[in-house]
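These notes are about the structure you will find just below.
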2 protein chains.
Amino acid sequence: MSLEKTKQMVKNTDIFFDATESLRAHGIYPTSQRLTIANRLLIKHQHLTAEQIYESIRNDQIKVSQATVYNTLGLFVRKGLLNEIFVDSSKTFYDTNIKPHQHFYNVDTGQLTDIKTPLDTTFMRGDLPPDTLIESVDVVVRIKKYPI
Amino acid sequence: MSLEKTKQMVKNTDIFFDATESLRAHGIYPTSQRLTIANRLLIKHQHLTAEQIYESIRNDQIKVSQATVYNTLGLFVRKGLLNEIFVDSSKTFYDTNIKPHQHFYNVDTGQLTDIKTPLDTTFMRGDLPPDTLIESVDVVVRIKKYPI
DNA sequence: ATTGGAATTAGAATAATTCTAATATTAACC
DNA sequence: GGTTAATATTAGAATTATTCTAATTCCAAT
């Protein structure tokens, strides 16, 4: 498929998102598969798993392999377009909000949501082992339905 | 194997740890396999992965299946003997310190260590969705070697 | 002792993720 | 412009972590 043909703008909540430009701005070559993924993921702030993205693509009868979804999400993370959030051994979420913030993970529903109040992530600065620096501060507050 | 034969005390750092009693105290029937795992894991504060525990057992020529290691660790977590820590999609650590505390995860070495300064985990109380309660507050600070 | 039922174990199945061989794309040269 | 070489991308196959379930073990009651 020619690249020019895949170039498009996606309308969402009154703003236009140009996936091609967004990928190029992050040094990512905008292939058809990458645009397909970007156009469903990067259009707004959301938390999706690789599986959810893959299913969404399949539902629209578009053929992209699971491997490519994983490879592409990994690439987006390395290039700074996405944050990875590990909530348990079988669930990795991809968060399009790359600014530092924290999350609630509802163990009953499997939903990941943002925590509004920001955490002061400097609390452990004095404990940092020598010759190391902080890559990220990952906070997941596991919540569940109040038992009646 | 008879249970009485497997009952034993393990010496470590000048204190004795009775795995049989510890399991019984948590409502866990102390089988031979469970004692094998408990005696390598619960003797001191440490962070090990299922794989590390399994390998440690195999190195001593003892036959326990991987499935049993996983099932047992899951049981210990449910019974409150262990904490599970998810650092990435392929690494689950089991922490024998069940008191709330936070961790450094060194992405270069794969080592998990405790953070001494405790975090005030009440920062998001006001953001808690209705009819939910907190199960745990999981904090992993990812660190790496300072680039020269 | 013998049987019935529950608990435990581990082989087999599954699901998430990674690896690598194949394919597609770009660049360089004629 | 066509051909070849180098590089980047994709996806089938392999791998690995984990879970499931059938088989086994253990205990209690008769």
Side-chain angles (χ1 to χ4, degrees), chain A residues 1-7 19-20 23-24 26-38 48-58 61-79 81-82 84-94 107 110 112, chain B residues 1-7 19-20 23-24 26-38 48-58 61-79 81-82 84-94 107 110 112:
Chain A
M1 196 194 298
S2 112
L3 256 190
E4 284 314 304
K5 278 213 186 119
T6 65
K7 191 171 174 176
T20 303
L23 295 193
R24 285 224 172 95
H26 284 81
I28 300 169
Y29 188 82
T31 66
S32 142
Q33 288 90 334
R34 289 171 184 173
L35 289 171
T36 296
I37 293 166
L48 295 175
T49 63
E51 197 202 351
Q52 289 171 332
I53 295 160
Y54 179 66
E55 283 309 318
S56 149
I57 293 170
R58 295 216 107 205
Q61 318 290 335
I62 298 171
K63 267 203 75 186
V64 174
S65 72
Q66 281 194 77
T68 298
V69 172
Y70 279 101
N71 291 340
T72 300
L73 292 172
L75 179 68
F76 286 6
V77 169
R78 268 179 285 120
K79 295 293 188 176
L81 270 165
L82 283 179
E84 246 170 346
I85 301 153
F86 307 106
V87 298
D88 69 39
S89 59
S90 70
K91 273 218 175 75
T92 301
F93 278 94
Y94 291 88
V107 296
L112 195 75
Chain B
M1 197 193 302
S2 111
L3 256 191
E4 284 314 307
K5 281 214 187 119
T6 66
K7 191 170 174 178
T20 304
L23 295 193
R24 285 224 171 96
H26 284 83
I28 299 169
Y29 188 82
T31 66
S32 142
Q33 288 90 335
R34 288 170 183 173
L35 289 171
T36 295
I37 294 166
L48 295 175
T49 63
E51 198 203 350
Q52 289 172 333
I53 296 160
Y54 178 66
E55 283 309 317
S56 150
I57 294 170
R58 295 217 107 206
Q61 318 290 335
I62 299 171
K63 268 203 74 186
V64 174
S65 72
Q66 280 195 74
T68 297
V69 172
Y70 279 101
N71 291 340
T72 301
L73 291 172
L75 178 69
F76 286 5
V77 168
R78 269 179 284 118
K79 295 292 189 177
L81 271 166
L82 283 180
E84 246 170 347
I85 300 153
F86 307 107
V87 298
D88 68 39
S89 58
S90 71
K91 274 217 176 77
T92 302
F93 279 92
Y94 292 89
V107 296
L112 195 74

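- Both B/V64 and B/S90 lie close to DNA chain C; mapped to their nearest nucleotides by heavy-atom distance, the more 5′-ward contact belongs to B/V64.
- Distance B/Y94 OH to D/dT18 P: 6 Å, rounded to the nearest Å.
- In this structure, A/E84 atom CD and C/dT18 atom C1' are separated by 13 Å, rounded to whole Å.
- In this structure, B/K79 and B/H26 approach most closely via the heavy-atom pair O-CD2, 3.5 Å.
- Within the 4.0 angstrom heavy-atom criterion, only backbone atoms of the sugar-phosphate kind lie near A/Q33; the bases stay farther away.
- One can place CZ of B/R34 at 12 Å from C1' of D/dT25, the figure rounded to the nearest angstrom.
- As a whole-Å value, the separation of B/R78 CZ from C/dT8 C1' is 12 Å.
- For B/D88 and D/dT18, the CG to P distance is 10 Å, given to the nearest whole Å.
- Closest contact between the side chain of B/T92 and the listed nucleotides D/dT18, C/dA10, D/dA17 involves D/dT18.
- At the heavy-atom level, A/S89 lies under 4.0 Å from the strands shown only through sugar-phosphate atoms.
- Looking at every heavy atom in both residues, A/P30 comes nearest to A/T20 through CG-CG2, 3.9 Å.
- One atom, CD of B/Q52, and another, C1' of D/dA17, lie 14 Å apart when rounded to the nearest Å.
- In A/Q52, the CD atom is crowded: over 12 heavy atoms of neighbouring residues, nucleotides or ligands sit closer than 6.0 Å.
- The side chain of A/E51 lies closest to C/dA16 when the candidates are D/dA11, C/dA10, C/dA16.
- Across the protein-nucleic acid pair, B/N71 atom CG and D/dT24 atom C1' stand 14 Å apart, rounded to whole Å.
- The shortest non-hydrogen separation linking B/R34 to B/Y29 is NH1-O, 2.9 Å.
- Closest contact between the side chain of B/S65 and the listed nucleotides C/dG11, D/dA11, C/dA16 involves C/dG11.
- At least one side-chain nitrogen or oxygen of A/T68 sits closer than 4.0 Å to the OP1 or OP2 atom of D/dA11.
- Screening residues 63-76 of chain B for side-chain hydrogen bond (donor to acceptor under 3.5 Å, both in side chains), with sequence neighbours left out, gives B/S65-B/T68.
- In this structure, the OH atom of A/Y70 is 19 Å from the C1' atom of D/dT9, given to the nearest Å.
- Within the structure, a side-chain polar atom (N or O) of A/T31 is placed less than 4.0 Å from OP1 or OP2 of D/dT10.
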